[in-house]
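A short worksheet on the structure shown next.
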Amino acid sequence: MIFIYNTLTRQKEPFIPLEPNKIKMYVCGVTVYDECHLGHARCEVSFDMIRRYFMQAGYHVTFVRNITDIDDKIIQRAQFNNESYSDLTARMISAMHAHYAALGVLPPDIEPKATDFVESMQQLIQRLIEASYAYVTTSGDVYYRVRRFKSYGCLSGKVIDELEVGSRVAFNHEKEDPLDFVLWKAAKPGEPAWPSVWGNGRPGWHIECSAMCQATLGDTLDIHGGGPDLKFPHHDNEIAQSEALTKKPLANMWMHVGALRVNQDKMSKSLGNFLTIKAALAEYPAEVLRYFLLSSHYRSEMQYTTDRLKEASNSLKRLYSAIQNIPCDQDKSQDSIDELCPYESVFHQAMRDDFNTPKAFAVLFDLARDINKLKKIDLQSASLLAKKLLKLSHLLGFLYHHPEKYAQGDTGIDSEWIESMIEKRKKAKQQRDFKTADHIRQVLMKKGIELLDHRDGTRWQMMK
RNA sequence: GGCUGGAUGGCAGAGUGGUCAUGCAGCGGACUGCAACUCCGCGGACGCCGGUUCGAUUCCGACUCCAGCCUCCA
């Protein structure tokens, strides 16, 4: 049994899917007007970890992640760039795919784009109007009548009358109530637009998720997830839109990832303080970023600093060094080992408790230490443990590289030359010519290459 | 002002009513021609004040402080 913290009830609950062994999971994706930043990465990597865990637990997961490919910011940016909005979004989408893939995020099973579901949205809006949950204005906008939905704000715990209405929301004469949010926006000249019974226009942001959830997964999802800033108003609005019509819960379980902060502020596009995934990938190996992003519990907020990344890099190195020079491919029963030291059961216990990755990581490090100890005295047992370490790490999306290759990275230096230097040094050492041997070490050191002498020979790695 | 979630050793970060988190960094030792890895050992922590209890970092209450949200945002 897996326990998950449900934002809706504010407690951990046993997870029971609607249909046995099947999970319908919808995670809100991004608005593609710019490149994805590390905040997005944290969200995607977290849900990827969760999805992978469900999969290995034997569930058939249908994972949907939408793309918002039409909205005000996209239009503005496209105009600024002097390109069509669809050229802009196509470019951003392919960048997103590349960056997520680098971080080991599995592609979604379904990736609906808002612009492909405009008709579904229009149908929902029409039904909301008919049920008097929405109204049309003289200029052709359609708004959702928030006060008509009695439990509005139930997800975030907001009380309508306590919101700072008017202080931040722009005043709009056509709204019946400042709280009302837009379902359909009448188009201004030159803007991309779709025909509708209310005139040419485009959908508001929130309605797309209601439409795409329903179109791809049905009325009720097992899990609906997203970033911390979507809880309100986005997800509360989705609930208001969908449940007003279906009278059924939009999702049984709501999951929200904690914020990633930079210098005390939330990383966000509107604050302009974001670090793109692309920029981060230029500085650190993708696996280090993934490790960093999963090193805190998914719900807690975390701080991005270069020190933390350096630390993540060192920690990951420790795991890789444990499996270095160990045959991991032999296929023998490991049961006896787990009876003595229940690594796997502790690991799964941690993961089943709301995906406690820090605790699961601790198991990996326990394994690493025991492997290192056994290496010297019992290589066979060590390799069984190493296999276990790989298995558990793979569940989280780690340790897919060959340990040697990982340590060496992409040097841009001719590895044959390095090997020849190592050979030279070996000869010098054999002749007890340590002066020459140390000189060779120095020469390589200047290029950032570190030599490591082992009983069975000399290896090299990048120093970083 | 309202809502939501926090406060753990130098840093990061789990957890528990009474014996170990874990990682990074530091210190001492082993190994080593040098260096690194590795191993062994060490130190230090539970915001503040009350309460419950044989015993609380862990449960309850007050307080202080912090963050996110209440406009588009993962």
Side-chain angles (χ1 to χ4, degrees), chain A residues 5 7 10 27-31 33 36-47 65 68 71-73 153 155-165 167-170 179 181 205 225-234 236 256-261 264-271 274 291-292 295-297 299-303 305 307-308 310-319 321-322 324-325 346 350 353 356-366 368-369 371-373 375-376 407 429 432-435 437-438 441-442 445 450-455 459-461 463:
Chain A
Y5 182 89
T7 308
R10 291 176 199 93
V27 174
C28 287
V30 295
T31 303
Y33 72 97
C36 294
H37 57 64
L38 279 183
H40 298 120
R42 150 107 121 146
C43 189
E44 294 309 325
V45 166
S46 295
F47 282 110
R65 185 183 64 215
T68 303
D71 106 310
D72 290 359
K73 285 192 174 135
L155 180 67
S156 58
K158 303 251 186 274
V159 181
I160 284 180
D161 293 319
E162 298 294 343
L163 296 177
E164 286 186 340
V165 169
S167 64
R168 299 178 84 176
V169 179
L179 287 168
F181 60 89
W205 175 38
D229 34 17
L230 296 187
K231 210 186 293 181
F232 188 89
H234 184 58
D236 264 316
H256 292 92
V257 172
L260 180 70
R261 290 191 287 152
Q264 303 303 323
D265 288 317
K266 183 187 68 168
M267 183 178 289
S268 91
K269 289 187 191 175
S270 36
L271 289 175
F274 57 90
Y291 179 94
F292 162 71
S295 62
S296 300
H297 183 87
R299 275 191 289 118
S300 56
E301 61 179 33
M302 65 192 299
Q303 186 80 240
T305 66
D307 283 353
R308 295 277 285 114
K310 176 68 187 163
E311 192 186 310
S313 174
N314 287 345
S315 303
L316 196 54
K317 218 185 264 178
R318 180 171 168 78
L319 294 181
S321 91
Q324 223 163 17
N325 270 26
V346 174
D353 182 13
N356 192 334
T357 50
K359 201 173 176 185
F361 276 163
V363 175
L364 302 185
F365 286 104
D366 287 342
R369 172 174 300 109
I371 292 167
N372 286 330
K373 263 192 266 193
K375 261 182 189 173
K376 297 166 195 160
K429 276 171 64 178
R432 313 285 301 170
D433 178 5
F434 295 123
K435 204 175 165 189
D438 287 346
R441 178 186 284 289
Q442 291 294 321
M445 190 95 78
E450 194 170 19
L451 297 184
L452 312 170
D453 291 337
H454 293 266
R455 282 185 196 138
R459 290 200 296 269
W460 63 273
Q461 66 180 30
M463 282 168 60

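Everything quoted here is computed from the prediction, not taken from an experiment. First the proteins, then the strands, lettered A, B, ... as listed; each starts at 1.
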Expressed as a whole number of angstroms, how long is the span from [X]:[atom1] to [N]:[atom2]?
X	N	atom1	atom2	answer
A:Ile371	B:rC37	CD1	C1'	15 Å
A:Asp453	B:rC31	CG	C1'	13 Å
A:Phe365	B:rU38	CZ	C1'	15 Å
A:His234	B:rC70	NE2	P	13 Å
A:His454	B:rC31	NE2	P	18 Å
A:Arg299	B:rG68	CZ	P	18 Å
A:Lys317	B:rA36	NZ	P	13 Å
A:Asp236	B:rC72	CG	P	13 Å

Pairs: protein N or O with nucleotides 12-16 of chain B N or O, under 3.5 Å:
from   : atom 1 : to       : atom 2 : distance (Å)
B:rA12 : O2'    : A:Arg308 : NE     : 3.3
B:rA12 : O2'    : A:Arg308 : NH1    : 2.8
B:rA12 : O2'    : A:Arg308 : NH2    : 2.8
B:rG13 : OP1    : A:Ser296 : OG     : 3.4
B:rA14 : OP1    : A:His297 : N      : 2.9
B:rA14 : O3'    : A:Asn356 : ND2    : 2.9
B:rG15 : OP1    : A:Asn356 : ND2    : 3.0

Taking the side chain of [X] as heavy atoms from C-beta outward, which of [options] is closest to it?
X	options	result
A:Leu452	B:rG33, B:rG23, B:rA36	B:rA36
A:Asp229	B:rC39, B:rC34, B:rA74	B:rA74
A:Phe434	B:rG33, B:rU4, B:rC24	B:rG33
A:Ala362	B:rC39, B:rA36, B:rU22	B:rU22
A:Ser321	B:rC37, B:rG5, B:rA74	B:rC37
A:Pro233	B:rA74, B:rG23, B:rC72	B:rC72

Distance between [atom1] atoms of [N] and [M] (Å, rounded):
N	M	atom1	answer
B:rG43	B:rC20	C1'	15 Å
B:rG47	B:rG29	P	35 Å
B:rC46	B:rA12	P	16 Å
B:rA56	B:rG50	C1'	13 Å
B:rU57	B:rG1	P	32 Å

Under a 4.5 Å cut-off applied to non-hydrogen side-chain atoms, are [X] and [Y] in contact?
X	Y	answer
A:Leu260	A:Phe292	yes
A:Gln303	A:Arg308	no
A:Arg369	A:Asn372	no
A:Pro233	A:Lys158	no
A:Asp353	A:Lys359	no

Produce the list of close N/O pairs, under 3.5 Å, pairing protein atoms with atoms of nucleotides 25-29 of chain B; give distances to one decimal.
none

Is it true that A:Lys429 and A:Asp453 make a salt bridge, defined as a side-chain N closer than 4.0 Å to a carboxylate O?
yes

Looking only at heavy atoms, what is the nearest atom pair of A:Val257 and A:Arg42, with distance?
CG1-CG, 3.6 Å

Are any of A:Tyr5's side-chain N or O atoms less than 4.0 Å away from OP1 or OP2 of B:rG5?
yes

Report yes if a donor N or O on one partner sits less than 3.5 Å from an acceptor N or O on the other, where the partners are the side chain of [X] and the base of [N]; otherwise report no.
X	N	value
A:Asp71	B:rC72	no
A:Asp161	B:rG2	no
A:Lys158	B:rC69	yes
A:Lys73	B:rC72	yes

Ring-face cation contact, A:Phe47 with A:Arg65, 6.0 Å cut, 45° max:
no

Applying the Watson-Crick and G-U wobble criteria at under 3.5 Å, what pairs with [N]? Answer none if nothing qualifies.
N	answer
B:rC49	B:rG61
B:rC39	B:rG29
B:rG5	B:rC66
B:rU16	none

When we call it a touch if two heavy atoms are under 4.0 Å apart, what does A:Asp438 touch: a base, just sugar-phosphate, or nothing?
base

Between A:Tyr291 and A:Leu451, which is nearer to the 5' end of RNA chain B once each is assigned its nearest nucleotide?
A:Tyr291

Please check if the number of heavy atoms outside A:Arg10 that lie under 6.0 Å from its CZ is greater than 12.
yes

Rounded to the nearest 0.5 Å, what separates atom CG in A:Asp236 from atom NZ in A:Lys231?
10.0 Å

Set out, in order, the CA-CA distance, both residues' side-chain angles and the distance that settles side chain to side chain contact (heavy atoms under 4.5 Å, CB included) for A:Leu452 and A:Gln324, then state yes or no.
CA-CA 12 Å; A:Leu452 312 170; A:Gln324 223 163 17; 5.7 Å; no

